[in-house]
Every structure is written in C-alpha cells, then in structure tokens.
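Just follow the structure's listing: the first ligand is 1, and inside any ligand the first atom is 1.
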Amino acid sequence: MENNRVMKQKYKKNIATAALIFFVGIVCITIFQNNKKRQATQSLFAMDTYMEITAYGKNSEVAVAAAAAELQRLDALLSTGSNTSEVTRINQQKTANLSDDTAYLLERSQQIYQDTQGAFDITIYPIMKLWGFAGDTFHVPTQKELDAVLPGVDMSVLCYQKENKTLTIPEASAMDFGGIAKGYASDRAAEIIKNYGIESAIMNLGGNVRAIGTKTDGSLWRVGIRTPDGSQPYLGTISVKDKAVITSGGYERYFEENGIVYHHIIDPKTGKPAQNGLVSVTIVCEDGTTADGLSTALYVMGTEKALTFWQQYNQVFDAVLLDEEGNLYVTEGLQEVFSSERDYKIYRREK
Ligand code: ADP
Ligand code: MG
C-alpha cells in the first residue's frame with residue numbers, strides 16, 4: 001500500500017516535471033522564433049549616397065544602430081568634402097600621422113594600385129576637382145589643364161612609413177578614397193553587426209551590397225545588378241551568402257556637355273573618364289574593400305585586361321562585366337548563382 005502511494009506520487013512528480021520541461025521548451029521555441037523574425041532597418045545618407053541596413057534576430061535594433069553610427073564615423077573621417085576630415089587635413093598639410101582606418105585603407109589601396117598596374121590610384125583627387133566631381137560645378141578641362149595636374153596623380157610617389165603610420169605626399173598630390181571607402185565601410189559595419197550575434201543581415205550602401213549570413217529561412221540573398229539606364233529587368237541577379245556585391249558604373253555620377261557624357265571613373269593615365277569599353281563592372285568577393293577597389297580598377301582596365309586580371313586572381317573574386325555593345329560576361333565562379341533574362345557568356349578559368 002505504502003509503496004503504491006510513493007510510486008503514484010513519483011509518477012505525478014514525473015508528469016509534472018515533463019509538463020514543465022515541455023512548457024519551458026515551447027516558451028523557448030516561441031522566443032527563438034520571435035527573435036528570428038525580429039527585424040530592424042535603418043536608412044541614412046552618408047558618403048554622398050543613400051544607405052540602408054537591415055538585420056534580423058535578437059539585438060537587431062542595437063546592431064543596426066551601431067552599424068549606422070560606424071558608417072557616419074567613417075564618412076566624417078574619409079570625406080574629401082568635409083573641412084574637418086582626416087583626409088582633408090592630409091591633403092592640406094601634406095604630412096600626417098594616420099589613424100588606424102586611414103592607414104589600413106592606404107595600405108590596401110597601395111596593394112590594389114600595384115596589382116592593377118595603376119588602374120586604381122587614390123591620388124586621383126586633383127583630377128576629380130578639375131572635372132568638378134568633387135564639387136557642384138562640372139567642367140570639361142582642356143588638355144593644358146589636365147597636363148598641369150597629372151604629374152601629381154601617381155601613388156608610387158607617396159612616402160608612407162608603415163611602422164609609425166606617417167604619410168607624406170608631394171605638394172601637387174591629394175588623396176580620394178571614394179573608389180574604395182564604401183566597400184571598406186561595408187566590411188566594418190558587417191563586422192559590428194556580426195559581433196552582436198546577428199546571423200542574417202543585408203546592407204546596401206548606394207549600390208554596394210553586403211550580405212551577412214543567409215536569409216532567416218536559410219536561403220541565399222538575391223542581389224540585383226541594375227541596368228546602366230535604370231530600365232527593368234535587372235542585368236541579372238546573384239545569389240550570395242556572406243559576400244560583398246559591388247558595382248561601378250559610369251552612370252552613377254556623370255554630366256553631359258554638348259551631347260557627350262562625362263562620368264566619374266577616371267583613367268589615371270589620361271585624367272579623363274575611362275572609356276575602355278565597359279559600362280558596368282560588378283565584383284563579388286568576401287572582402288568588400290577588395291570588391292570596391294577592383295570594381296573601379298576593372299572599369300578603368302576595359303574588358304580584355306579585366307578578364308585577364310580575373311584569370312590571375314580568380315580565387316579571390318568573381319565578376320559580371322557589361323560592355324558597350326551589350327555583351328554580358330560572367331566569370332565561372334558565379335555560374336551556379338547568376339541568373340538573367342539576357343544572354344550572357346560564362347568566362348572560364350584557363351586550365
Ligand atoms: P561609386 O562611388 O559610384 O560606387 P566607384 O567605386 O567606382 O563608384 O568609385 C568612383 C569614385 O572613385 C570616384 O568618385 C572617385 O572618388 C574615385 N575614383 C575615380 N577614378 C578612380 C581611379 N582610377 N582610382 C581610384 N579611385 C578613383
Ligand atoms: Mg569602387
């Protein structure tokens with residue numbers, strides 16, 4: 001009898017414990033699901049462009065706010081248009097101790113300059129000013145005007161001491177990180193978002209897209225590449241996870257004079273808008289800084305050199321190139337993830 005009662009009590013206790021575990025489980029799953037569904041979006045204007053960050057999951061609000069603050073901080077540091085930025089101070093004083101961000105960007109820019117044989121060159125700023133891309137008043141410079149500033153456009157003459165991060169630039173030179181800053185900013189912002197434990201986020205910094213993880217359902221992010229004239233449908237879409245998808249196009253910033261279009265991606269050798277056959281270059285890479293630098297550089301190189309360059313670095317990045325004739329080239333690494341309503345050529349690795 002006694003034994004039976006003890007057993008019954010034990011039985012009840014077990015049922016109660018099981019019910020409690022079940023209940024706590026349901027609560028946990030509900031919180032988890034709700035956290036997963038949680039979404040925070042922030043829009044801002046920085047680096048001369050409209051930006052948007054969206055993150056999902058627990059802490060998404062704080063993560064997005066911290067990422068936006070980082071983008072504003074980098075804008076204030078790197079902007080050529082601000083009198084108080086570090087870049088403006090260097091350009092005026094010609095010598096400076098660099099902050100960690102600027103030192104990193106300078107070192108990465110030097111590497112890209114070398115790898116691309118000068119197609120990417122941050123000392124382009126005097127040329128940007130001459131054309132009016134750095135201000136509001138556009139102007140088509142004469143050859144004489146170009147010749148007067150071109151000697152200053154040469155990254156190889158910057159004097160940088162890595163050990164103590166000091167930089168001295170020639171009197172005629174001035175720097176502009178515009179070709180790489182947004183890619184770097186997207187890397188920094190992504191790092192911050194990930195540090196909040198976020199596994200799913202997407203940001204668009206004026207056409208510079210950065211995917212963090214996958215969508216909340218585990219599927220890949222689909223990034224559309226716009227057509228140069230803005231017409232629909234997209235040039236194509238690329239499905240990615242943890243990647244930067246960055247596009248450079250002459251259509252991003254330009255002006256027209258006497259029926260001729262002048263855009264903001266400059267060939268450092270001539271000081272004129274690059275006209276080497278490409279109208280849009282998209283780079284897909286894990287590192288946004290690389291993607292941004294290369295999108296500008298490959299645009300300057302033109303189709304043939306850009307594709308040869310890819311053969312050399314096909315482990316690092318992939319690309320989608322659109323030329324003036326409307327030919328669309330997609331490098332082999334994107335074969336499975338690129339889709340388009342247009343015809344396109346898959347450009348393969350040389351064996
Ligand atoms: P966007 O800024 O429209 O995304 P890019 O990444 O191609 O496009 O950057 C263009 C900017 O890069 C220009 O506004 C200028 O600041 C800078 N730039 C232009 N030509 C070059 C070049 N050959 N090398 C490095 N930077 C460049
Ligand atoms: Mg770029």
Side-chain angles (χ1 to χ4, degrees), residues 46-51 74-75 78-81 85 87-88 91 105-106 108-136 138 146 149-150 152-156 158 173-187 203-210 225-226 228 230 244-255 262-276 278-285 287-302 305-306 317 319 321:
M47 300 186 170
D48 268 339
T49 196
Y50 174 77
M51 300 181 169
L74 290 172
D75 185 19
L78 302 169
S79 165
T80 49
S85 74
V87 168
T88 298
N91 286 344
L105 264 183
L106 179 77
R108 294 298 312 275
S109 298
Q110 279 183 321
Q111 190 63 51
I112 298 173
Y113 166 82
Q114 279 167 21
D115 294 344
T116 64
Q117 292 171 346
F120 182 82
D121 190 328
I122 53 160
T123 59
I124 203 76
Y125 192 55
I127 295 286
M128 300 311 291
K129 272 208 312 211
L130 192 54
W131 283 90
F133 287 116
D136 293 327
F138 296 121
L146 286 171
V149 294
L150 270 173
V153 180
D154 182 359
M155 257 201 102
S156 66
L158 298 186
S173 297
M175 303 192 304
D176 174 5
F177 287 112
I180 198 168
K182 277 178 269 170
Y184 173 64
S186 73
D187 284 343
M203 67 183 107
N204 188 343
L205 316 185
N208 295 240
V209 176
R210 171 87 204 197
I225 308 173
R226 61 164 284 195
V245 181
I246 293 186
T247 301
S248 277
Y251 56 84
E252 293 276 0
R253 191 159 155 77
Y254 64 90
F255 67 96
Y262 301 97
H263 63 75
H264 72 147
I265 302 170
I266 304 290
D267 185 337
K269 306 263 180 318
T270 62
K272 295 178 186 169
Q275 265 188 314
N276 295 317
L278 287 172
V279 287
S280 172
V281 174
T282 300
I283 306 287
V284 183
C285 179
D287 182 69
T289 312
T290 308
D292 199 0
L294 291 185
S295 73
T296 309
L298 267 63
Y299 191 103
V300 172
M301 287 178 191
K305 278 193 189 155
F317 76 97
L321 312 176

Next item on the list: Do me a favour and list the nearest non-hydrogen protein atom to atom 6 (O) of ligand 1 with residue, atom name and distance?
Entry: D292 OD1, 2.9 Å
Margin query: At less than 4.0 angstrom from any non-hydrogen atom of N208, what atoms of ligand 1 do you find?
Written below: 4 (O)
Checklist line | Closest to atom 3 (O) of ligand 1 among M175, H263, M155, H264 (heavy-atom distance) | finding: H264
Margin query: Looking at D176 and I124, would you say the former's side chain and the latter's main chain have a donor-acceptor pair under 3.5 Å?
Written below: no
Next item on the list: Flag I122 as yes when one of its N or O atoms lies below 3.5 Å from any N or O atom of ligand 1, and as no otherwise.
Entry: no
Check: Below 2.8 Å, any N, O or S contact between S248 and the Mg ion (ligand 2)?
Finding: no
Check: How far is atom 17 (C) of ligand 1 from its nearest protein heavy atom, and which residue and atom is that?
Finding: G179 N, 3.6 Å
Margin query: With the threshold set at under 4.0 angstrom, would you say K182 reaches ligand 1 through any of its heavy atoms?
Written below: yes
Margin query: Tell me the protein heavy atom at minimum distance from atom 16 (O) of ligand 1, and give that distance in Å.
Written below: D176 OD2, 2.6 Å
Next item on the list: Would you mind running through ligand 1 and noting each atom that sits below 4.0 Å from a heavy atom of E252?
Entry: 3 (O)
Check: Is a side-chain N or O of N91 found less than 3.5 angstrom from the main chain of M175, in a donor-acceptor match?
Finding: yes
Check: Which residue and non-hydrogen atom of the protein lie closest to atom 23 (N) of ligand 1, and at what distance in Å?
Finding: I266 O, 2.8 Å
Next item on the list: Measure the distance from atom 21 (C) of ligand 1 to every protein heavy atom, then report the residue, atom name and distance (to 0.1 Å) of the closest one.
Entry: T296 CG2, 3.7 Å
Check: Can you find a heavy atom in the side chain of S295 that is under 4.5 Å from one in the side chain of I246?
Finding: yes
Margin query: Give me the atom names and distance for the closest heavy-atom approach of L146 to G271.
Written below: CD2-O, 3.5 Å
Checklist line | N or O pair under 3.5 Å between I124 and ligand 1 | finding: no
Checklist line | For A119, the ligand 1 atoms whose distance to one of its heavy atoms is below 4.0 Å | finding: 22 (C), 23 (N), 24 (N)
Margin query: Would you say the rings of F133 and F138 are close, in the sense that their centroids are separated by under 6.0 Å?
Written below: yes
Checklist line | Check: S186/N208 side-chain N/O donor and acceptor closer than 3.5 Å | finding: no
Note to self: Taking only non-hydrogen atoms of F120, do any sit less than 4.0 angstrom from ligand 1?
What the structure shows: yes
Notebook entry, point to check: So, is G179 placed with an N/O/S atom under 2.8 Å from the Mg ion (ligand 2), counting both backbone and side chain?
Noted result: yes
Notebook entry, point to check: If we ignore angles and hydrogens, is there a donor and acceptor under 3.5 Å between the side chains of R226 and S280?
Noted result: no
Check: Does ligand 1 have an atom that lies less than 4.0 angstrom from a heavy atom of P268?
Finding: yes
Notebook entry, point to check: To the nearest 10 degrees, how large is the angle at the Mg ion (ligand 2) between D292 OD1 and T296 OG1?
Noted result: 170°
Check: Does an N or O anywhere in D267 fall below 3.5 Å from an N or O of ligand 1?
Finding: no
Item checked: Atoms of ligand 1, numbered as shown, that sit under 4.0 Å from any heavy atom of S248 -> 5 (P), 6 (O), 7 (O), 8 (O)
Next item on the list: Would you check if Y184 and D287 make a side-chain contact, meaning some heavy-atom pair closer than 4.5 Å?
Entry: no
Notebook entry, point to check: Between D292 and F120, is any pair of side-chain heavy atoms under 4.5 Å apart?
Noted result: no
Item checked: Sub-4.5 Å side-chain heavy-atom contact between S173 and Y125 -> no
Item checked: Under 4.0 Å to a heavy atom of M128 - the qualifying atoms of ligand 1, by number -> 13 (C), 14 (O), 15 (C)
Next item on the list: Could you check L205 against M203 for side chain to side chain contact (heavy atoms under 4.5 Å, CB included), going step by step and ending with a plain yes or no?
Entry: CA-CA 6 Å; L205 316 185; M203 67 183 107; 4.2 Å; yes
Note to self: Within the supplied structure, the quantity of interest is the number of heavy atoms (other residues, nucleotides, ligands) at a distance under 6.0 Å from F255 CZ; does it exceed 12?
What the structure shows: yes
Notebook entry, point to check: Atom OG1 of T49 and atom CG of N204: how far apart are they, to the nearest 0.5 Å?
Noted result: 8.0 Å
Notebook entry, point to check: So which heavy atom in the protein is nearest atom 24 (N) of ligand 1, and how far is it from that ligand atom?
Noted result: D121 N, 3.0 Å
